[in-house]
Protein chains: 2
Amino acid sequence: MVRELTPKGSATRQRIIEGAAAEIRELGVVATTLDDVRRRTGTSKSQLFHYFPGGREELLLAVARYEADRVLTDQQPQLGDLTSWRAWEEWREVLVERYRRQGWHCPLSAVVAQLGRSTPGAQAVVTEMLDQWQAEIAEGVRAMQAQHEIDPELDADEAAAALLAGIQGGVMIMLSTGRLTHLEAALDVAIRHLRETSAAGSVRASG
Amino acid sequence: MVRELTPKGSATRQRIIEGAAAEIRELGVVATTLDDVRRRTGTSKSQLFHYFPGGREELLLAVARYEADRVLTDQQPQLGDLTSWRAWEEWREVLVERYRRQGWHCPLSAVVAQLGRSTPGAQAVVTEMLDQWQAEIAEGVRAMQAQHEIDPELDADEAAAALLAGIQGGVMIMLSTGRLTHLEAALDVAIRHLRETSAAGSVRASG
DNA sequence: TCTCGACTGGACTTGCCGGTCCAATTTTAT
DNA sequence: ATAAAATTGGACCGGCAAGTCCAGTCGAGA
């Protein structure tokens, strides 16, 4: 089952994944054919099936993994260090900027939408990504609670879940309408809400 | 351009739309073929193209319109009458229940994901639906402001945008992971937040 | 150098699916 | 009743894209 790849082999494999991801970002999953990937990456049909014996579906899954990883790493180091309001604001900017640049096609959601129910693998990739994302946000909330900047009574996990939902919805709306306003509104309202709890429910640490 | 349909004709046309919508809900857009629709609705190829000269794409667009309409009407009458906290809570229940029942495939997002950018029509359908949805929420916020139940300083449109994003994201996450928790968290956190503003920023109307 | 297996090239097969066509049949209007 | 228009049936076409096959080439170790 496990195949050993020479350095050259794994380089080719990686080139295929990244080329496919780029192609999908431009054309969308449905419109991207194996021939498109072949042409773009300078490979042949047999190579595609050599590295991805499961064919198109296996390649798509590999692309999904690759993109899921990018989504999270693109938010670092900010996402992993939400320990001041300044950091939260920076993270907000990074996130908005990322999606402004990416624009139009969201390769991950597209891939999942197509693979969707048929393959549990795709679902697992997304679920894991969302879990990690939410965990990092919740960690940030707790860090601020520790500094008495957020009401300690507040449920950090629920707040993180709501914020994550807002982000996902904001992105989804951007993909449909082309407008970033909802993503911004979701982030701004949520962060402002978190900041306000400190005034209402807890001791203010500093002026 | 405008074709007149006899009662029989428009009945057939409607049957095709609803059959296609059902098929798409089960199989997804990508997997649904015209032959599937044909078989399910007991029609022939020529009928499909008779009623939808633009072929598959035009049919998909009609399905998108049909589903977009359902999404909004399914939330009535609650969504159109958010004039008490009781009404807000009922609306929240209706919404969660709707998506709990619908489960898995979201035909609308699927259709849009596929048509996406290629056809401005699909985008317009979704944009219009989201606009109306958001407008009704904002109207509800203003109604509560008029009753001094929400801080009058609060930007109703921004709040509605953020809440809508949370709903969309909650649904999207449900489609990926199967869990309703994020939709519930988004709704609960947002509504609770709105209620809390009345205590902080405005005169309380009654006990 | 030789040789084995990993790696590559690209022609070919296969099946599906959107779309076309035309002939038949039913409905509507006069 | 009858012609015109709307509606219906289903065979057929053409293209495309996934997947197969086999004949090579390359590269590392004996």
Side-chain angles (χ1 to χ4, degrees), chain A residues 1-20 23-24 26-64 110-111 114-116 118-119 121-122, chain B residues 1-20 23-24 26-64 110-111 114-116 118-119 121-122:
Chain A
M1 200 62 187
V2 176
R3 300 183 330 286
E4 299 165 24
L5 295 180
T6 65
K8 190 176 180 184
S10 63
T12 301
R13 190 189 140 95
Q14 190 59 25
R15 198 173 78 240
I16 292 173
I17 292 178
E18 289 175 17
E23 198 73 21
I24 287 171
E26 291 171 20
L27 303 180
V29 187
V30 183
T32 298
T33 71
L34 293 187
D35 271 335
D36 291 333
V37 176
R38 207 182 50 62
R39 215 172 300 129
R40 180 180 204 121
T41 58
T43 51
S44 71
K45 262 300 177 55
S46 72
Q47 290 178 68
L48 259 47
F49 282 86
H50 178 69
Y51 293 110
F52 304 96
R56 181 185 159 87
E57 188 168 309
E58 186 177 340
L59 173 57
L60 254 39
L61 192 56
V63 171
V111 168
Q114 168 146 18
L115 292 183
S118 58
T119 67
Chain B
M1 200 62 185
V2 176
R3 300 185 329 289
E4 299 164 23
L5 295 180
T6 64
K8 190 175 181 184
S10 63
T12 301
R13 189 188 140 96
Q14 190 59 25
R15 198 173 78 240
I16 292 173
I17 292 178
E18 290 175 17
E23 198 74 20
I24 287 171
E26 292 172 20
L27 303 179
V29 187
V30 183
T32 299
T33 71
L34 293 186
D35 271 335
D36 291 333
V37 176
R38 208 182 49 62
R39 213 171 303 130
R40 182 183 202 116
T41 59
T43 52
S44 71
K45 263 296 178 58
S46 73
Q47 292 178 66
L48 258 46
F49 283 85
H50 178 69
Y51 293 110
F52 305 94
R56 179 185 160 86
E57 190 169 307
E58 186 176 341
L59 173 58
L60 254 39
L61 193 55
V63 171
V111 168
Q114 168 145 18
L115 292 183
S118 58
T119 68

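The basis for the numbers below is simple: all heavy atoms, side chains too, and nothing from hydrogens, waters or symmetry mates. Proteins get letters first, then strands, A, B, ... in listed order; numbering begins at 1 in each.
Scored by the side-chain hydrogen bond (donor to acceptor under 3.5 Å, both in side chains) test, B:Ser44 finds B:Ser46, B:Gln47 as partners (sequence neighbours excluded). By the side-chain hydrogen bond (donor to acceptor under 3.5 Å, both in side chains) test, B:Arg38 is found to be paired with B:Asp35, residues two or more places apart in sequence or in another chain being considered.
At a threshold of 4.5 Å between non-hydrogen side-chain atoms, the residues A:Val30 and B:Val29 do not count as touching.
At whole-Å resolution of the value, CG in B:Leu34 and C1' in C:dG18 are 6 Å apart. Here the C1' atom of nucleotide C:dC17 and the CG atom of B:Leu27 are 15 Å apart, to the nearest Å. Nucleotide C:dT8 holds its C1' atom 17 Å from the CZ atom of A:Arg13, rounded to whole Å. Taking atom CG on B:Asp35 and atom P on C:dG18, their separation rounds to 7 Å, with Å as the unit. What separates NE2 of A:His50 from C1' of C:dT8 is a distance of 9 Å, to the nearest Å. Summarising the geometry, the separation between CZ on B:Phe52 and P on C:dG18 is reported as 15 Å, rounded to the nearest angstrom.
With rounding to the nearest 0.5 Å, the separation of OG1 in B:Thr33 from CG in B:Leu27 is 8.5 Å. Here CD1 of A:Ile16 is found 7.0 Å from OH of A:Tyr51. Values are rounded to the nearest 0.5 Å.
Proximity of residues 37-49 of chain B to DNA chain C (heavy atom under 4.0 angstrom from any strand atom) is restricted to B:Lys45, B:Ser46, B:Phe49.
Candidate nucleotides D:dG19, C:dC7, C:dG18 were compared by shortest atom distance to the side chain of A:Arg56, and D:dG19 ranks first.
Between D:dA6 and B:Tyr51, no contact under 4.0 Å exists linking OP1 or OP2 to a side-chain N or O.
In terms of heavy-atom proximity, B:Phe52 sits nearest to B:Ala62 at CE2-CB, 3.8 Å.
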